[in-house]
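Note that the structure is a prediction, hence the values are computed from the model and not measured. Along the sequence shown, the residues carry numbers beginning at 1. FYI, side chains are in, hydrogens and waters are out, and symmetry mates aren't considered; it's all heavy atoms of this structure. Order of appearance sets the numbers: ligands from 1, and atoms from 1 within every ligand.
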Amino acid sequence: MNARKSCLLAIDQGTTSTRAILFDAQGRPLRSHAVPLRQIYPDNGWVEHDPAEIWQAALTCCRTVLGGRDAAEVAAIGITNQRETSLVWDKATGKALHNAIVWQDRRGAARCAALKKRGLEPLVARKTGLLLDPYFSATKLEWLLKNVKGARGRNVAFGTIDSWLIWNLTKGKVHATDVTNASRTMLWNLKNRDWDSGMLKLFGVPRTMLPTVIESRGDFGTADPMLLGAAIPILGVAGDQQAASFGQACFAPGDVKSTYGTGCFALVNTGKAVPRSRNRLLATALTQKQYAIEGSIFIAGAVVQWLRDELGVLASAPESQSLAKRAKDAEGLYFVPAFTGLGAPYWDPQARGAILGLTRDVGKAEIVRAALDAVCYQTRDLLEAMRRDMSAAGLARLRALKVDGGMVANDWFCQRLADLTGLSVDRPKVTETTALGAAYLAGLGAGLFKSEKDIAARWALDRRFKPGLAKPERDRLYAGWKSAIARVQ
Ligand code: ADP
């Protein structure tokens with residue numbers, strides 16, 4: 001192995017920005033650069049991104065972090081990306097035929113409702129691990145095939161954002177995706193680990209337009225030397241949440257991570273057997289031939305943004321900590337932030353938010369605290385569902401909750417999360433776990449890291465928050481949350 005190959009380049013293509021981070025051979029970030037991404041809203045509930053803008057931004061970010069450095073030092077590229085977002089392009093010209101349809105886009109809602117009415121959800125769940133929802137790629141691709149001129153042409157390729165970046169980095173030599181991204185399309189069979197003929201038929205998708213599916217730590221081709229100044233192999237690809245799970249070293253069944261950004265995504269490793277959720281969570285592919293059960297909450301950090309921008313009770317997000325700290329114990333006060341309906345495990349798109357149990361002595365501090373509490377209670381909702389799924393399948397118990405994302409800078413929130421869930425909350429030193437996961441995958445492929453053990457040894461704890469509430473008290477407060485939820489449904 002060439003001793004000069006001493007760093008890793010991670011591309012993190014997210015919903016609101018595109019970033020590149022250069023890591024050293026120890027997994028320490030050296031340089032990073034981000035470019036914001038324009039959000040396009042063509043209609044009510046529709047969200048699109050410009051694929052050419054995404055590719056240009058990725059290229060700019062990579063070139064910026066490599067600036068002044070010999071690109072030959074980069075051992076490998078790792079890619080992580082916003083999942084489910086879908087596009088089609090012409091293989092001959094390399095041009096996208098339409099904007100990418102973003103995961104948040106709801107244009108497939110009526111189609112999903114119709115399929116549900118036909119009683120197809122159990123079949124879809126059994127094959128793909130997912131629920132019938134426009135969030136996933138299948139109805140987005142179906143829309144593109146129906147509405148975009150030429151989309152059914154012989155030379156048309158479908159891909160999620162990882163595929164688009166791989167295609168462009170390899171100058172059209174490789175049309176591939178990884179298992180974790182494939183598992184979010186609703187077209188990929190979790191058990192057979194292949195595109196599912198029945199699902200392709202249901203959505204009218206020609207198999208020829210689909211990318212080759214490769215394990216996350218695999219050979220995705222080589223970036224063209226004209227682009228970055230050297231021929232760099234792409235050796236790791238994973239969807240953002242699975243990459244975060246890898247970056248958090250969640251390698252054993254029962255290892256669970258929860259990311260608190262705008263929303264919250266919790267994934268528990270369930271090992272090598274395909275899991276089945278009986279509690280309305282999703283089953284999904286992880287890296288390294290493992291699987292996970294996943295639960296998502298739409299509103300986590302977004303409730304803090306709302307308190308700041310709409311209600312004006314906070315000058316900044318971090319101020320939520322000092323206000324929550326000085327809040328009185330407002331018995332019976334619950335904030336249900338169902339601004340856009342409720343996610344897992346309720347899946348109620350009609351539900352709307354509410355603040356319940358208001359009394360004369362409730363002020364802004366108490367409301368802020370109730371909002372942070374809500375993120376904790378929603379996490380407990382997910383953990384309860386995960387626990388039931390895991391125990392029904394005879395799987396390991398949940399261990400400590402590894403957390404990351406912007407909200408976990410808030411110590412009060414982390415402690416409250418431990419108190420209200422009854423699990424220890426572990427905050428790592430590096431909370432940029434998504435890009436780190438992609439770099440680790442690429443680094444494993446390039447031989448910079450020897451094994452998962454080697455990576456796990458690098459995971460460093462910043463702080464452990466231990467549960468401080470007695471179980472009866474925790475359960476009593478949670479019962480109050482459940483009745484608040486019942487009142488908004
Ligand atoms: P995303 O990747 O979804 O944009 P980030 O991981 O950057 O999100 O986290 C940003 C979110 O975290 C915002 O919604 C913000 O309100 C929230 N946040 C940031 N700092 C704090 C804090 N100290 N306390 C509470 N919430 C915070």
Side-chain angles (χ1 to χ4, degrees), residues 10-21 29 32 34-39 47 49 61 80-85 102-104 135 161 239-245 247-248 257-267 296-327 335 337 339-340 343 353 364-365 367-379 402-418 420 425 427-428 430-438 462-463 465:
I11 301 174
D12 180 358
Q13 204 301 303
T15 310
T16 56
S17 70
T18 303
R19 286 198 314 146
I21 303 185
S32 98
V35 172
L37 178 59
R38 195 163 50 100
Q39 309 293 309
V47 191
H49 288 156
C61 290
T80 180
N81 57 293
Q82 50 166 323
R83 305 175 301 173
E84 299 99 11
T85 299
V102 178
W103 58 272
Q104 295 151 321
Y135 171 30
I161 297 297
D240 51 12
Q241 299 310 321
Q242 283 91 342
S245 170
Q248 284 273 30
K257 76 91 197 170
S258 194
T259 300
Y260 296 90
T262 309
C264 156
F265 294 86
L267 269 79
S296 45
I297 303 168
F298 301 138
I299 306 288
V303 72
V304 179
Q305 280 167 20
W306 182 81
L307 291 168
R308 185 192 61 195
D309 303 338
E310 306 303 325
L311 223 51
V313 297
L314 293 174
S316 67
E319 205 196 357
S320 60
Q321 168 156 320
S322 48
L323 274 175
K325 240 187 219 165
R326 69 160 213 251
F335 188 149
F339 299 142
T340 55
K364 65 177 184 179
I367 289 184
V368 168
R369 173 172 154 168
L372 295 180
D373 279 358
V375 181
C376 305
Y377 290 127
Q378 292 187 92
T379 305
K402 289 177 165 175
V403 296
D404 51 59
M407 261 190 104
V408 305
N410 185 322
D411 289 350
W412 188 91
F413 166 70
C414 291
Q415 182 56 52
R416 190 70 172 159
L417 189 59
L420 293 179
V425 167
R427 183 173 66 195
V430 178
T431 53
E432 285 288 353
T433 54
T434 309
L436 186 63
D462 169 53
R463 189 163 160 193
F465 299 85

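- Between the Gln321 side chain and the Phe413 main chain, no donor and acceptor come within less than 3.5 Å of each other.
- Side chains of Thr379 and Tyr260: a donor on one and an acceptor on the other come within 3.5 Å.
- In this view, Lys257 and Gln241, Thr259 satisfy the side-chain hydrogen bond (donor to acceptor under 3.5 Å, both in side chains) rule, not counting sequence neighbours.
- Under the rule for a side-chain hydrogen bond (donor to acceptor under 3.5 Å, both in side chains), the partners of Arg19 that lie at least two apart in sequence or sit in another chain are Glu432.
- With sequence neighbours left out, Thr434 forms a side-chain hydrogen bond (donor to acceptor under 3.5 Å, both in side chains) with no residue at all.
- Pairing each heavy atom of Asp240 with each of Thr80, the nearest pair is CA-OG1, 3.2 Å.
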List below, pair by pair, the N or O atoms of ligand 1 and of the protein that are less than 3.5 Å apart, including the distance to 0.1 Å; reply 'none' if no pair qualifies.
residue  : atom   : partner : partner atom : Å
ligand 1 : 3 (O)  : Thr262  : N            : 2.9
ligand 1 : 3 (O)  : Thr262  : OG1          : 2.7
ligand 1 : 6 (O)  : Gly406  : N            : 2.8
ligand 1 : 9 (O)  : Gly406  : N            : 3.4
ligand 1 : 14 (O) : Gly301  : O            : 3.0
ligand 1 : 14 (O) : Gln305  : NE2          : 2.7
ligand 1 : 16 (O) : Gly301  : O            : 3.1
ligand 1 : 20 (N) : Gly406  : O            : 3.4
ligand 1 : 24 (N) : Ser320  : OG           : 3.3
ligand 1 : 24 (N) : Asn410  : ND2          : 3.1

